[in-house]
Number of protein chains: 2
Amino acid sequence: MIANLSITEENYIKAIYHLQQTDGNVTTNEVAEMLHTKAASVTDMLKKLNAKNIVNYAKYQGFTLSDDGRKIALSIVRKHRLWEYFLVEKLQFGWDEVHEVAEELEHISSLKLVEKLDAFLEYPKFDPHGDPIPDVNGKMVYQPQINLTDLPPSELAEVTAVGSQSTELLELLKHKKIAIGTKIIIKKKFLFDNSIEIKLQNQAAFTISQQLAQALFVKKTPNE
Amino acid sequence: MIANLSITEENYIKAIYHLQQTDGNVTTNEVAEMLHTKAASVTDMLKKLNAKNIVNYAKYQGFTLSDDGRKIALSIVRKHRLWEYFLVEKLQFGWDEVHEVAEELEHISSLKLVEKLDAFLEYPKFDPHGDPIPDVNGKMVYQPQINLTDLPPSELAEVTAVGSQSTELLELLKHKKIAIGTKIIIKKKFLFDNSIEIKLQNQAAFTISQQLAQALFVKKTPNE
DNA sequence: TAATTATTTTAGATTCGCCTAAAATATTAT
DNA sequence: ATAATATTTTAGGCGAATCTAAAATAATTA
């Protein structure tokens, strides 16, 4: 029953999916802000998606994706992350410049294309930002990761994901030479401004802001 | 000056480009038929494209692409054929099933993507149907080719292109095991129905219809 | 609790691409 | 050359997605 959806509808579904990851219940204004549109437009679209049983919607009460809606969202996320992986691994894009291109590619409809692309890429489990790629059934690997601010000092860890895809963040990470897979260790935490002194492999220690630390997720790695 | 164009506008530009390859001057009805739409819709779009200086249009007189329009068309054709090459060579699609997918992929806008894809594919000169791929400046290799119906008997030739991408044609070619690069020789021409007896390498001779012969283009190859 | 403020929905317009039906123009045949 | 036919354009309307402004509802504060 996966109806033919317009690109616009798909973008709404994806936005709702991402918002409910953190929020649970999603509101009209949140979606409007994420899609750079107005609340009235969101209401219009919600009525349409509700009629198609893609969202559970009750006037003024917020909304969530239905089971069908979630399946659709996962298939879009799958396509987005596979294309990002392709762009970085095969076409040599920088990991900070693939998001926008993948926003277009994720709407290519051919199912066969997605499966063949997945095979060509040898079934990657994570995209270049460290986010898990859903498989054809929507299942994805759960990666136990913690925020860098919760990592105890002196414990070796590896960057697994970043908190957003904003150009500003990615530009800063590039400058600091921090990427997915970078080994990191906390030297000292400063209580005054919650800044953190960190050290990367083969580099002198340096200090990063609380905001940056909060945007980094790591997994602890066994000290070899 | 390459304006932001909608997918619809791009499809009109591409249709006009292909029609004027054979026709020179293009008519409203031809475009309507190619795009499965109505003449009135074509007229609407022509006014818009004319206002953007993409076509040279005078009421009731037919029209052609402007220089700008031709550049845009070539960049779309370039994307289409590069993606087709990618799908066949890298993702193992059959050459008869890539056209529709490429119809979607050709509208992805990133210029950087096209150039990186071209490099990844090692700058192919022809797509899987034998059509030349324009380079970044719109230049493409001219391949001297003739229609199979114009090939004299007993001369060895090689299939270089097919006359259309219709599923029906491609299905038939698959069944007959004829593809781009296939070596072919004419054994006999039958004047009654213009059917042609041909022979491929390592195969018994068989007869093909006039319609099929007209859909095949070949280049003569030196008899080794 | 009642009033104020914030959020969401409705009402009505706009743009884009498409349509049908009718009018205008061009082409062809007598 | 004129009549019949074919093609193209105009006129007017429709659905999708958007917007602004106003009304309805919910949440917050006094």
Side-chain angles (χ1 to χ4, degrees), chain A residues 2-16 19-20 22-65 69 72 76 103-104 106-107 109, chain B residues 2-17 19-20 22-65 69 72-73 76 103-104 106-107 109:
Chain A
I2 290 179
N4 270 9
L5 298 167
S6 70
I7 290 177
T8 310
E9 288 170 313
E10 290 195 349
N11 283 334
Y12 275 93
I13 294 168
K14 199 176 58 141
I16 297 168
L19 286 169
Q20 80 181 20
T22 36
D23 271 44
N25 208 45
V26 184
T27 69
T28 305
N29 269 351
E30 285 171 346
V31 175
E33 195 192 1
M34 177 166 277
L35 295 181
H36 306 109
T37 183
K38 296 298 154 71
S41 310
V42 176
T43 301
D44 285 350
M45 181 57 81
L46 279 171
K47 285 195 232 167
K48 194 157 39 138
L49 295 179
N50 190 49
K52 294 186 180 185
N53 289 309
I54 289 171
V55 293
N56 305 116
Y57 170 61
K59 269 191 195 176
Y60 292 107
Q61 304 310 140
F63 42 88
T64 55
L65 290 178
I72 296 165
I76 302 167
E103 289 283 310
E104 284 187 66
E106 73 191 3
H107 300 294
S109 59
Chain B
I2 291 179
N4 270 8
L5 298 167
S6 70
I7 290 177
T8 310
E9 288 171 312
E10 290 194 349
N11 283 334
Y12 274 93
I13 294 168
K14 198 174 59 140
I16 297 167
Y17 172 83
L19 287 168
Q20 81 181 22
T22 36
D23 271 45
N25 208 44
V26 184
T27 69
T28 305
N29 269 352
E30 285 171 347
V31 175
E33 194 192 0
M34 177 166 278
L35 296 181
H36 306 109
T37 182
K38 297 297 153 76
S41 309
V42 176
T43 301
D44 286 349
M45 181 58 80
L46 279 172
K47 285 195 230 167
K48 191 151 49 131
L49 294 178
N50 190 49
K52 294 186 181 186
N53 288 308
I54 289 170
V55 293
N56 305 117
Y57 170 61
K59 271 191 196 176
Y60 293 104
Q61 303 309 140
F63 42 90
T64 55
L65 289 178
I72 296 166
I76 301 168
E103 289 283 308
E104 285 187 65
E106 72 190 4
H107 300 295
S109 59

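The structure displayed is predicted, hence computed values, not measured ones. Chain letters run A, B, ... following the sequence lines, proteins first, then strands; residues in each count from 1.
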When you check the phosphate oxygens OP1 and OP2 of [N], does a side-chain N or O of [X] lie under 4.0 Å from one of them?
X       : N      : value
B:Lys47 : D:dT9  : no
A:Tyr12 : D:dT18 : yes
A:Thr43 : C:dT9  : yes
A:Tyr57 : C:dT9  : yes

Checklist entry - Would you call A:Glu9 and A:Lys14 a salt bridge, using N to O less than 4.0 angstrom? => result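 No, A:Glu9 and A:Lys14 are not salt-bridged.
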
Identify the two heavy atoms, one from [X] and one from [Y], that lie closest to each other, and give their separation to 0.1 Å.
X       : Y       : answer
A:Val55 : A:Leu46 : CG2-O, 4.0 Å
B:Ile13 : B:Gly69 : CG2-O, 3.7 Å
A:Leu65 : A:Gln20 : N-OE1, 3.1 Å
A:Asn25 : A:Gly62 : ND2-CA, 3.6 Å
B:Leu19 : B:Met34 : CD2-CE, 3.9 Å
A:Ala32 : A:Lys38 : CB-C, 3.8 Å

Checklist entry - Side-chain contact, heavy-atom cut-off 4.5 Å: A:Asn56 with A:Phe63? => result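 A:Asn56 vs A:Phe63: side chains apart.
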
Atom pair distance, as rounded to whole Å: [atom1] in [X] and [atom2] in [N]:
X       : N      : atom1 : atom2 : result
B:Leu49 : C:dC16 : CG    : P     : 13 Å
B:Asn11 : C:dC16 : CG    : C1'   : 15 Å
B:Asn4  : C:dT15 : CG    : C1'   : 16 Å
B:Met45 : D:dT8  : CE    : P     : 17 Å

Check nucleotides 22-29 of chain D against the protein and report each pair of N or O atoms closer than 3.5 Å, with its distance, or say if there are none.
residue	atom	partner	partner atom	Å
D:dA26	OP1	A:Gln61	OE1	3.3

Checklist entry - Of B:Leu46 and A:Glu9, whose closest DNA chain D nucleotide lies nearer the 5' terminus? => result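 It is B:Leu46, whose closest nucleotide lies nearer the 5' terminus.
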
Next on the checklist: Any residue in residues 22-40 of chain B with a heavy atom nearer than 4.0 angstrom to DNA chain C? Just list them by number, or reply none.
Outcome noted: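 Per residue number, the list reads B:Thr37, B:Lys38, B:Ala40.
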
Checklist entry - Mind checking what makes side chain to side chain donor-acceptor pair (under 3.5 Å) contact with B:Glu10, not counting sequence neighbours? => result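 B:Glu10 satisfies side chain to side chain donor-acceptor pair (under 3.5 Å) with B:His107 only.
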
Next on the checklist: Heavy atoms only, 4.0 Å cut-off, all strands: where does B:Thr8 land among base, sugar-phosphate and nothing?
Outcome noted: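 The residue B:Thr8 makes sugar-phosphate contact but no base contact.
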
Next on the checklist: Looking at the base of C:dC18, is there any donor atom on it, or on the side chain of B:Asp44, that sits under 3.5 Å from an acceptor on the other one?
Outcome noted: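 Result: at least one qualifying N/O pair found.
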
